[in-house]
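Structure, as C-alpha coordinates:
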Amino acid sequence: MSEQASPQDQILGIVNNYWQGCAVGAAAELEIADHLADGPLDIAALAERTKTHASSLYRMLRALESTGIFTQVSSGAFANTPASECLRRRAPNSSWAWLRVTLSSNGMVNNGWRGLMVSLKEGKPGFEELNGCTGWEYMQANPEQGAVFNEAMRDLAAAITPAVTGSYDWGRFPVIADLGGGVGSQLIDILDAHPDCRGVLFDQPQVITQAPEHRRMEPLGGDFFSNIPQADAYLLRWILHDWDDAQARAILKNVHAAAKPGAALMIVESVIPESAEFDMGKWMDLNMMVMAGGRERTANEFRVLFDQAGFDFEEIVETPSPLSIVVGKARD
Ligand code: SAH
(Lines give C-alpha, C1' and ligand atoms only; values in the text may rest on other atoms or scores of the structure.)
Protein backbone atom coordinates (compact mmCIF):
# COMPACT_ATOMS: atom_id res chain seq x y z
CA MET A 1 0.00 0.00 0.00
CA SER A 2 1.39 3.40 -0.89
CA GLU A 3 1.35 5.93 1.89
CA GLN A 4 -1.32 8.60 1.59
CA ALA A 5 -0.01 11.90 0.23
CA SER A 6 0.26 14.68 2.78
CA PRO A 7 -2.38 17.39 2.46
CA GLN A 8 0.24 19.75 1.06
CA ASP A 9 1.45 17.18 -1.50
CA GLN A 10 -2.15 16.57 -2.53
CA ILE A 11 -2.60 20.26 -3.25
CA LEU A 12 0.76 20.74 -4.99
CA GLY A 13 0.04 17.67 -7.10
CA ILE A 14 -2.94 19.53 -8.51
CA VAL A 15 -0.65 22.22 -9.88
CA ASN A 16 1.43 19.58 -11.63
CA ASN A 17 -1.70 17.87 -12.96
CA TYR A 18 -2.74 21.19 -14.44
CA TRP A 19 0.62 21.66 -16.16
CA GLN A 20 0.49 18.10 -17.47
CA GLY A 21 -2.95 18.90 -18.86
CA CYS A 22 -1.62 21.95 -20.67
CA ALA A 23 1.22 19.92 -22.22
CA VAL A 24 -1.06 17.06 -23.29
CA GLY A 25 -3.43 19.60 -24.83
CA ALA A 26 -0.57 21.17 -26.78
CA ALA A 27 0.63 17.73 -27.95
CA ALA A 28 -2.90 16.96 -29.18
CA GLU A 29 -3.17 20.34 -30.91
CA LEU A 30 0.13 19.70 -32.74
CA GLU A 31 -0.97 16.12 -33.55
CA ILE A 32 2.43 14.85 -32.42
CA ALA A 33 1.24 11.29 -31.83
CA ASP A 34 -0.04 11.12 -35.42
CA HIS A 35 3.29 12.37 -36.73
CA LEU A 36 4.93 9.47 -34.85
CA ALA A 37 2.42 6.89 -36.06
CA ASP A 38 4.80 5.43 -38.66
CA GLY A 39 7.79 5.30 -36.32
CA PRO A 40 10.18 7.48 -34.31
CA LEU A 41 11.22 10.94 -35.47
CA ASP A 42 14.03 13.12 -34.23
CA ILE A 43 13.18 16.45 -32.74
CA ALA A 44 14.28 18.47 -35.78
CA ALA A 45 11.92 16.55 -38.08
CA LEU A 46 9.11 16.72 -35.56
CA ALA A 47 9.58 20.47 -35.10
CA GLU A 48 9.53 20.98 -38.86
CA ARG A 49 6.35 18.98 -39.31
CA THR A 50 4.57 20.73 -36.44
CA LYS A 51 5.99 24.19 -37.27
CA THR A 52 7.40 24.59 -33.76
CA HIS A 53 10.64 25.72 -32.14
CA ALA A 54 12.74 22.55 -31.81
CA SER A 55 14.34 23.02 -28.41
CA SER A 56 11.08 24.20 -26.82
CA LEU A 57 9.26 21.22 -28.27
CA TYR A 58 12.04 18.95 -26.98
CA ARG A 59 11.59 20.29 -23.45
CA MET A 60 7.86 19.66 -23.53
CA LEU A 61 8.28 16.12 -24.81
CA ARG A 62 10.99 15.41 -22.21
CA ALA A 63 8.53 16.44 -19.50
CA LEU A 64 5.73 14.36 -21.01
CA GLU A 65 8.10 11.39 -21.35
CA SER A 66 8.59 11.50 -17.57
CA THR A 67 4.87 10.69 -17.21
CA GLY A 68 4.90 7.83 -19.74
CA ILE A 69 3.52 9.88 -22.64
CA PHE A 70 6.03 9.56 -25.56
CA THR A 71 9.52 8.02 -25.12
CA GLN A 72 13.00 8.72 -26.49
CA VAL A 73 14.28 5.71 -28.39
CA SER A 74 17.65 7.44 -28.78
CA SER A 75 18.81 10.85 -27.70
CA GLY A 76 16.36 13.39 -29.16
CA ALA A 77 14.33 10.84 -31.18
CA PHE A 78 10.79 10.32 -29.91
CA ALA A 79 8.32 7.47 -30.35
CA ASN A 80 4.79 6.75 -29.17
CA THR A 81 3.99 4.81 -26.00
CA PRO A 82 0.66 3.08 -25.20
CA ALA A 83 -0.44 6.30 -23.46
CA SER A 84 0.54 8.60 -26.33
CA GLU A 85 -1.21 6.23 -28.79
CA CYS A 86 -4.47 7.51 -27.23
CA LEU A 87 -3.46 10.96 -28.51
CA ARG A 88 -3.59 9.73 -32.11
CA ARG A 89 -6.56 11.13 -33.95
CA ARG A 90 -7.56 7.90 -35.62
CA ALA A 91 -6.45 5.30 -33.06
CA PRO A 92 -9.11 2.83 -31.91
CA ASN A 93 -9.20 4.19 -28.32
CA SER A 94 -8.55 7.75 -29.32
CA SER A 95 -9.00 10.57 -26.82
CA TRP A 96 -7.66 13.09 -29.32
CA ALA A 97 -10.85 14.99 -30.01
CA TRP A 98 -11.85 15.24 -26.34
CA LEU A 99 -8.35 16.45 -25.39
CA ARG A 100 -8.50 18.93 -28.24
CA VAL A 101 -11.81 20.29 -26.93
CA THR A 102 -10.89 20.34 -23.22
CA LEU A 103 -7.16 21.05 -23.05
CA SER A 104 -5.93 22.70 -26.24
CA SER A 105 -5.33 26.44 -26.29
CA ASN A 106 -8.35 27.13 -28.55
CA GLY A 107 -10.50 24.25 -27.29
CA MET A 108 -14.11 25.19 -26.62
CA VAL A 109 -14.36 23.55 -23.23
CA ASN A 110 -11.01 24.95 -22.13
CA ASN A 111 -12.37 28.31 -23.12
CA GLY A 112 -15.53 27.74 -21.06
CA TRP A 113 -13.63 26.82 -17.88
CA ARG A 114 -11.88 30.17 -18.04
CA GLY A 115 -15.32 31.50 -17.20
CA LEU A 116 -15.64 29.50 -13.96
CA MET A 117 -15.43 32.64 -11.84
CA VAL A 118 -18.11 34.31 -13.94
CA SER A 119 -20.37 31.31 -13.38
CA LEU A 120 -19.67 31.33 -9.66
CA LYS A 121 -20.34 35.04 -9.27
CA GLU A 122 -23.27 35.46 -11.63
CA GLY A 123 -24.83 32.02 -11.91
CA LYS A 124 -24.58 32.19 -15.70
CA PRO A 125 -22.61 29.96 -18.12
CA GLY A 126 -19.06 31.37 -18.21
CA PHE A 127 -18.73 30.34 -21.86
CA GLU A 128 -21.60 32.55 -22.96
CA GLU A 129 -20.41 35.51 -20.92
CA LEU A 130 -16.91 35.27 -22.45
CA ASN A 131 -17.97 34.56 -26.04
CA GLY A 132 -21.26 36.40 -26.36
CA CYS A 133 -23.04 33.33 -27.74
CA THR A 134 -24.08 29.84 -26.63
CA GLY A 135 -21.84 26.86 -27.29
CA TRP A 136 -24.30 25.64 -29.94
CA GLU A 137 -24.22 29.02 -31.73
CA TYR A 138 -20.43 29.03 -31.47
CA MET A 139 -20.21 25.63 -33.18
CA GLN A 140 -22.60 26.72 -35.92
CA ALA A 141 -20.35 29.70 -36.62
CA ASN A 142 -17.18 27.54 -36.34
CA PRO A 143 -18.03 24.29 -38.13
CA GLU A 144 -14.51 22.94 -37.71
CA GLN A 145 -14.79 23.18 -33.93
CA GLY A 146 -18.27 21.71 -34.17
CA ALA A 147 -16.94 18.70 -36.08
CA VAL A 148 -14.24 18.10 -33.44
CA PHE A 149 -16.88 18.39 -30.70
CA ASN A 150 -19.02 15.73 -32.40
CA GLU A 151 -15.95 13.53 -32.76
CA ALA A 152 -15.18 14.04 -29.06
CA MET A 153 -18.71 12.97 -28.08
CA ARG A 154 -18.37 9.82 -30.15
CA ASP A 155 -14.93 8.93 -28.72
CA LEU A 156 -15.91 9.75 -25.16
CA ALA A 157 -18.90 7.47 -25.52
CA ALA A 158 -16.95 4.60 -27.09
CA ALA A 159 -17.06 2.49 -23.91
CA ILE A 160 -20.45 3.83 -22.81
CA THR A 161 -22.32 2.99 -26.02
CA PRO A 162 -22.15 -0.84 -25.75
CA ALA A 163 -22.76 -0.65 -21.98
CA VAL A 164 -26.03 1.22 -22.57
CA THR A 165 -27.08 -1.09 -25.41
CA GLY A 166 -26.45 -4.20 -23.32
CA SER A 167 -28.16 -3.00 -20.14
CA TYR A 168 -31.74 -2.81 -21.39
CA ASP A 169 -34.08 -4.80 -23.63
CA TRP A 170 -34.36 -2.15 -26.32
CA GLY A 171 -35.90 -4.79 -28.63
CA ARG A 172 -39.30 -4.20 -27.01
CA PHE A 173 -39.55 -0.81 -28.81
CA PRO A 174 -40.56 -0.91 -32.51
CA VAL A 175 -39.44 2.72 -33.07
CA ILE A 176 -36.82 4.51 -30.99
CA ALA A 177 -36.23 8.24 -31.46
CA ASP A 178 -32.80 9.42 -30.32
CA LEU A 179 -33.33 13.11 -29.53
CA GLY A 180 -30.12 15.13 -29.85
CA GLY A 181 -28.61 11.86 -31.03
CA GLY A 182 -25.53 13.56 -32.49
CA VAL A 183 -23.91 11.39 -35.14
CA GLY A 184 -25.99 8.39 -34.08
CA SER A 185 -23.43 6.19 -32.35
CA GLN A 186 -25.79 5.05 -29.57
CA LEU A 187 -28.82 4.56 -31.81
CA ILE A 188 -26.88 2.63 -34.46
CA ASP A 189 -25.41 0.32 -31.82
CA ILE A 190 -28.92 -0.40 -30.47
CA LEU A 191 -30.32 -0.99 -33.99
CA ASP A 192 -27.45 -3.35 -34.81
CA ALA A 193 -28.25 -5.36 -31.66
CA HIS A 194 -32.03 -5.45 -32.38
CA PRO A 195 -32.84 -6.21 -36.02
CA ASP A 196 -36.59 -5.57 -35.54
CA CYS A 197 -36.18 -2.01 -34.25
CA ARG A 198 -36.29 1.12 -36.34
CA GLY A 199 -34.79 4.43 -35.32
CA VAL A 200 -35.17 8.15 -35.86
CA LEU A 201 -31.97 10.13 -35.43
CA PHE A 202 -33.11 13.61 -34.45
CA ASP A 203 -30.63 16.47 -34.10
CA GLN A 204 -29.82 19.86 -35.56
CA PRO A 205 -29.71 19.71 -39.38
CA GLN A 206 -25.97 20.45 -39.59
CA VAL A 207 -25.21 17.62 -37.13
CA ILE A 208 -27.18 14.74 -38.63
CA THR A 209 -25.47 15.21 -41.98
CA GLN A 210 -22.30 13.93 -40.28
CA ALA A 211 -23.98 10.67 -39.22
CA PRO A 212 -23.31 7.44 -41.11
CA GLU A 213 -26.23 5.90 -43.01
CA HIS A 214 -28.15 2.96 -41.58
CA ARG A 215 -30.91 1.08 -43.37
CA ARG A 216 -33.29 1.20 -40.39
CA MET A 217 -32.45 4.73 -39.24
CA GLU A 218 -34.18 7.86 -40.51
CA PRO A 219 -32.18 11.06 -40.00
CA LEU A 220 -34.40 13.99 -39.10
CA GLY A 221 -33.18 17.56 -38.64
CA GLY A 222 -35.04 19.74 -36.16
CA ASP A 223 -35.22 21.50 -32.85
CA PHE A 224 -36.33 19.60 -29.75
CA PHE A 225 -37.80 22.81 -28.33
CA SER A 226 -40.37 22.87 -31.13
CA ASN A 227 -41.08 19.65 -33.05
CA ILE A 228 -40.51 16.09 -31.95
CA PRO A 229 -41.23 12.92 -33.96
CA GLN A 230 -43.57 10.10 -32.93
CA ALA A 231 -41.93 7.02 -31.42
CA ASP A 232 -42.42 4.21 -28.89
CA ALA A 233 -39.33 5.18 -26.93
CA TYR A 234 -37.43 8.45 -26.61
CA LEU A 235 -33.74 8.15 -25.94
CA LEU A 236 -31.92 11.25 -24.70
CA ARG A 237 -28.26 10.65 -23.93
CA TRP A 238 -26.27 13.58 -22.54
CA ILE A 239 -29.08 15.99 -23.41
CA LEU A 240 -30.87 17.12 -20.24
CA HIS A 241 -27.53 17.91 -18.57
CA ASP A 242 -26.98 20.66 -21.15
CA TRP A 243 -29.99 22.59 -19.89
CA ASP A 244 -31.25 24.22 -16.69
CA ASP A 245 -34.41 22.89 -15.05
CA ALA A 246 -36.81 25.20 -16.93
CA GLN A 247 -35.30 24.26 -20.31
CA ALA A 248 -35.07 20.55 -19.47
CA ARG A 249 -38.74 20.66 -18.43
CA ALA A 250 -39.62 22.36 -21.72
CA ILE A 251 -37.88 19.61 -23.72
CA LEU A 252 -39.60 16.86 -21.75
CA LYS A 253 -43.02 18.53 -22.02
CA ASN A 254 -42.47 18.65 -25.76
CA VAL A 255 -41.62 14.95 -25.78
CA HIS A 256 -44.76 14.29 -23.76
CA ALA A 257 -46.89 16.22 -26.25
CA ALA A 258 -45.58 14.08 -29.14
CA ALA A 259 -45.60 10.77 -27.23
CA LYS A 260 -48.41 8.23 -27.17
CA PRO A 261 -49.57 7.37 -23.64
CA GLY A 262 -47.25 4.67 -22.31
CA ALA A 263 -44.30 5.69 -24.50
CA ALA A 264 -40.97 5.19 -22.77
CA LEU A 265 -38.60 7.96 -21.78
CA MET A 266 -35.01 6.70 -21.62
CA ILE A 267 -32.67 9.30 -20.17
CA VAL A 268 -29.01 8.28 -20.31
CA GLU A 269 -26.97 10.46 -17.97
CA SER A 270 -24.88 10.51 -14.81
CA VAL A 271 -26.96 10.20 -11.66
CA ILE A 272 -25.21 12.18 -8.95
CA PRO A 273 -24.95 10.33 -5.62
CA GLU A 274 -26.21 12.17 -2.54
CA SER A 275 -23.05 11.08 -0.63
CA ALA A 276 -19.63 12.81 -0.54
CA GLU A 277 -17.69 10.21 -2.59
CA PHE A 278 -15.68 11.09 -5.70
CA ASP A 279 -17.93 10.85 -8.71
CA MET A 280 -17.04 12.01 -12.21
CA GLY A 281 -20.62 13.26 -12.57
CA LYS A 282 -19.92 15.94 -9.95
CA TRP A 283 -17.12 17.24 -12.17
CA MET A 284 -19.14 16.95 -15.37
CA ASP A 285 -21.76 18.98 -13.51
CA LEU A 286 -19.25 21.86 -13.23
CA ASN A 287 -18.44 21.43 -16.91
CA MET A 288 -22.14 21.81 -17.71
CA MET A 289 -22.32 24.84 -15.44
CA VAL A 290 -19.53 26.74 -17.20
CA MET A 291 -20.32 25.57 -20.74
CA ALA A 292 -24.08 25.63 -20.98
CA GLY A 293 -25.74 26.60 -17.72
CA GLY A 294 -26.86 22.97 -17.49
CA ARG A 295 -26.46 20.49 -14.64
CA GLU A 296 -26.12 16.84 -13.74
CA ARG A 297 -28.94 15.62 -11.51
CA THR A 298 -29.62 13.37 -8.54
CA ALA A 299 -32.24 10.60 -8.72
CA ASN A 300 -34.64 12.83 -6.85
CA GLU A 301 -34.10 15.75 -9.22
CA PHE A 302 -34.91 13.46 -12.17
CA ARG A 303 -38.02 12.26 -10.34
CA VAL A 304 -39.29 15.84 -9.90
CA LEU A 305 -38.52 16.78 -13.51
CA PHE A 306 -40.31 13.70 -14.87
CA ASP A 307 -43.35 14.39 -12.74
CA GLN A 308 -43.57 18.03 -13.84
CA ALA A 309 -43.37 17.04 -17.52
CA GLY A 310 -46.04 14.31 -17.37
CA PHE A 311 -43.94 11.17 -17.00
CA ASP A 312 -44.09 8.49 -14.31
CA PHE A 313 -40.67 7.72 -12.91
CA GLU A 314 -40.13 3.97 -13.29
CA GLU A 315 -36.58 2.94 -12.44
CA ILE A 316 -32.88 3.69 -12.70
CA VAL A 317 -30.93 1.01 -14.54
CA GLU A 318 -27.21 1.12 -13.85
CA THR A 319 -24.86 0.22 -16.69
CA PRO A 320 -21.22 -0.94 -16.58
CA SER A 321 -20.27 2.66 -17.47
CA PRO A 322 -20.48 5.96 -15.57
CA LEU A 323 -23.95 6.61 -17.06
CA SER A 324 -27.28 5.17 -15.94
CA ILE A 325 -30.59 4.82 -17.74
CA VAL A 326 -33.36 6.75 -16.01
CA VAL A 327 -36.62 5.23 -17.25
CA GLY A 328 -39.96 6.99 -17.35
CA LYS A 329 -43.38 6.36 -18.92
CA ALA A 330 -45.68 8.94 -20.49
CA ARG A 331 -48.87 9.47 -18.48
CA ASP A 332 -52.16 9.99 -20.35
N1 SAH B 1 -26.74 12.25 -27.68
C2 SAH B 1 -25.42 12.40 -28.27
C3 SAH B 1 -24.94 13.84 -28.36
C4 SAH B 1 -24.89 14.61 -27.05
S5 SAH B 1 -24.31 16.28 -27.26
C6 SAH B 1 -24.43 11.55 -27.52
O7 SAH B 1 -24.75 11.03 -26.45
O8 SAH B 1 -23.31 11.37 -28.00
C9 SAH B 1 -25.85 17.18 -27.30
C10 SAH B 1 -26.55 17.15 -28.65
O11 SAH B 1 -27.72 17.97 -28.58
C12 SAH B 1 -25.70 17.70 -29.79
O13 SAH B 1 -25.57 16.73 -30.80
C14 SAH B 1 -26.51 18.92 -30.26
O15 SAH B 1 -26.43 19.16 -31.66
C16 SAH B 1 -27.90 18.56 -29.85
N17 SAH B 1 -28.80 19.72 -29.72
C18 SAH B 1 -28.56 20.89 -29.07
N19 SAH B 1 -29.60 21.72 -29.16
C20 SAH B 1 -30.53 21.07 -29.91
C21 SAH B 1 -31.86 21.41 -30.33
N22 SAH B 1 -32.42 22.58 -30.00
N23 SAH B 1 -32.56 20.49 -31.05
C24 SAH B 1 -32.00 19.29 -31.38
N25 SAH B 1 -30.75 18.91 -30.98
C26 SAH B 1 -30.04 19.79 -30.26
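Each ligand, and each atom within it, is numbered from 1 in the order the structure gives.
Here the heavy atom of the protein found nearest to atom 25 (N) of ligand 1 is Phe224 CE2, 3.3 Å.
Using a 4.0 Å heavy-atom cutoff, Gln204 is listed among the residues neighbouring ligand 1. In this structure, Ser185 falls outside the shell of residues with a heavy atom less than 4.0 angstrom from ligand 1.
A salt bridge does not link Asp285 with Arg297: none of the charged nitrogens is closer than 4.0 Å to a carboxylate oxygen. Classification of Asp312 and Lys329 as a salt-bridged pair fails, no side-chain N sitting under 4.0 Å from a carboxylate O.
Contacts of Asp242 with ligand 1, taken as heavy-atom pairs under 4.0 Å, involve the side chain alone.
Listed by number with element, the atoms of ligand 1 under 4.0 Å from a non-hydrogen atom of Phe225 are 22 (N). Within ligand 1, counting atoms from 1 as listed, the ones closer than 4.0 Å to a heavy atom of Arg237 are 1 (N), 2 (C), 4 (C), 6 (C), 7 (O), 8 (O). Residue contact check: Trp243 has heavy atoms under 4.0 Å from atoms 19 (N) of ligand 1. Near Gly222, the atoms of ligand 1 lying under 4.0 angstrom from a non-hydrogen atom of the residue are 23 (N), 24 (C). Near Gly182, meaning under 4.0 Å from one of its heavy atoms, ligand 1 places the atoms 13 (O). Using a 4.0 Å cut-off to heavy atoms of Val207, the atoms of ligand 1 that qualify are 15 (O). Each of the atoms 9 (C), 10 (C), 11 (O) of ligand 1 lies under 4.0 Å from some heavy atom of Ile239.
In terms of polar-atom proximity, Asp223 is counted as a contact of ligand 1, with an N or O under 3.5 Å from an N or O of the ligand. When only interatomic distances are considered, the shortest N/O to N/O separation between Gly180 and ligand 1 falls below 3.5 Å.
Donor-acceptor pairing under 3.5 Å is recorded for the side chains of Gln186 and Thr165. A donor atom on one side chain and an acceptor atom on the other are found under 3.5 Å apart for Asn287 and Trp113. Ser275 and Glu277 share a donor-acceptor pair across their side chains, judged by distance under 3.5 Å alone. Checked by atom type, the side-chain pair Arg237/Thr161 shows a donor-acceptor distance below 3.5 Å.
Ring to ring, Phe306 and Phe313 are close: their centroids are under 6.0 angstrom apart.
With distances taken over non-hydrogen atoms, the option nearest atom 12 (C) of ligand 1 out of Asn254, Leu187, Asp203 is Asp203.
Between His241 and Trp238, the ring planes are parallel. Angles under 30° get that label, and only those over 60° would be called perpendicular.
The number of heavy-atom neighbours closer than 6.0 Å to CG of Asp38, taken from other residues, nucleotides and ligands shown, is 12 or below.
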